[in-house]
Amino acid sequence: MLQGSHRRYDPLMDEWVLVSPQRSGRPWQGQQESTAGEDLPAHDPGCYLCPGNTRANGTVNPAYTGVHVFNNDFPAFQEGSAGEEGGADGFFRWRPEPGINRVICYSEHHGRTLPEMELAEIRALVRAWQREFAELGALEHINHVQIFENKGSVMGCSNPHPHGQIWAQQAVPSRVARKQANLRRYFDRHGRTLLEAYVEAELAAKERIVLENESFVALVPFWAVWPFETMVVSKRAVPDILGFTEAECAAFASILKGLTVRYDNLFRTSFPYSAGMHQAPTDGRPHPEWHFHKLFLPPLLRSATVKKFMVGYEMLGEAQRDLTPETAAAMLRDLPAVHYKQRG
Ligand code: H2U
């Protein structure tokens, strides 16, 4: 295992991360996060997302059960904003960005987060993600569909009712475009996807694998930035969620539950994160270079109350981590498969 300070290369983003395992033991007298409120009620009359309640803009939610999707009342993109762009030859370059923003409530239950949901409910969520990706991606002016979730107030989540967001837009956003160029370069050179080859290498190395089933692997990437960052990647090179077989949909639901249960068990708290899928652009072109994966980017560092800050050197130089990805993977792997609330 790599010891002492070193840098690791991220071939997806073509950037480096500094790893400094020797810093792990330093004292912390800084900010402490408050732990997430546990055991929320099944229905909260004050919640904007619960069935039957009135949203911030006055719309009344239907009395839904299961997944419920609606157009974000405070969208980041605006339909019909296509048109003129400017400043292409100067410093003040800009362009309008049309798109659609949606909110996806995972179920009617206000307090049941992903790791506490039944497998059948997560399976229904996977189907809803597929429906949304298909519907939005098919629109002429939509070239990228970002499905993600902010979980926990520390990640800026505005409401504890389990939900995610979908941002569908005309442009392929900068980070995805950068990844796309690197995936394409690898595919052109090797005739297979970068992630297919990477997963093979990780399954042989074993030390960064957290969970594995017949169709998916959850691992801590060799180049992970966040302390307990993971990637859920399909074993088969499918460009997006629409390419999943029925068996793969079930296996995806299962590995998501397995991973998020372990996350909650790590510090016996509702584990905060930003998580999102990276999938091929929906620009109507074939994308054999793309390989579906979902990233979990959790901020917690050493307890339920101490988070990692990306500041100073990280803002100015490059990302840095103390805990090695190998140690993080071993810690996650060794956790019980049953949620701590069910074990008591
Ligand atoms: P976050 O928790 O990740 O902020 O997502 C919640 C989204 O829900 C947020 O984008 C939207 C916010 O704009 N929302 C509505 O569309 N209507 C509401 O009544 C409350 C929140």
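As the structure lists them, so they are numbered: ligands from 1, and atoms in each ligand from 1.
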Mark up the atoms of ligand 1 that fall under 4.0 Å of a heavy atom belonging to A56, in ascending order. 18 (C), 19 (O)

For atom 12 (C) of ligand 1, the option (of N72, T54, N71) bearing the nearest heavy atom: N72

How about Y9 and F222: are their ring centres within less than 6.0 Å of each other? no

Decide if the gap between the ring center of W167 and the ring center of F77 is smaller than 6.0 angstrom. yes

Tell me whether W16 is reachable from L12 by hopping between hydrophobic residues (I, L, V, M, F, W, Y) whose side-chain heavy atoms are closer than 4.5 Å. no

What do you reckon, does E149 put a non-hydrogen atom under 4.0 Å from ligand 1? no

Numbered atoms and elements of ligand 1 in range of V103, under 4.0 angstrom, heavy atoms: 7 (C), 8 (O), 11 (C)

Check: S158 N/O within less than 3.5 Å of ligand 1 N/O: yes

At less than 4.0 angstrom from any non-hydrogen atom of F70, what atoms of ligand 1 do you find? 15 (C), 16 (O)

Counting from 1 in the order shown, the ligand 1 atoms closer than 4.0 Å to a non-hydrogen atom of Q165 are 1 (P), 3 (O), 4 (O), 5 (O), 10 (O)

Taking all atoms of both residues into account, what is the closest heavy-atom pair of M310 and E314, and its distance? SD-CG, 3.9 Å

Under 3.5 Å, N or O to N or O, is Y48 touching ligand 1 that way? no

Examine the side chains of D73 and N57 and answer whether a donor and an acceptor come within less than 3.5 Å of each other. yes

Is ligand 1 under 4.0 Å from a heavy atom in the side chain of D73, in the backbone, in both, or in neither? both

Could you tell me whether H163 and ligand 1 have an N or O pair separated by under 3.5 Å? yes

Under 6.0 Å between ring centres, would you say that holds for F244 and F216? yes

H278 and W290 aromatic ring geometry - parallel, tilted or perpendicular at 30°/60° bounds: perpendicular

Any heavy-atom pair between the side chains of Q320 and K308 that's under 4.5 Å? yes

For C157, counting its heavy atoms only, list the atoms of ligand 1 lying under 4.0 Å from any of them. 2 (O)

Does atom 21 (C) of ligand 1 have a protein heavy-atom neighbour under 4.0 Å away? no

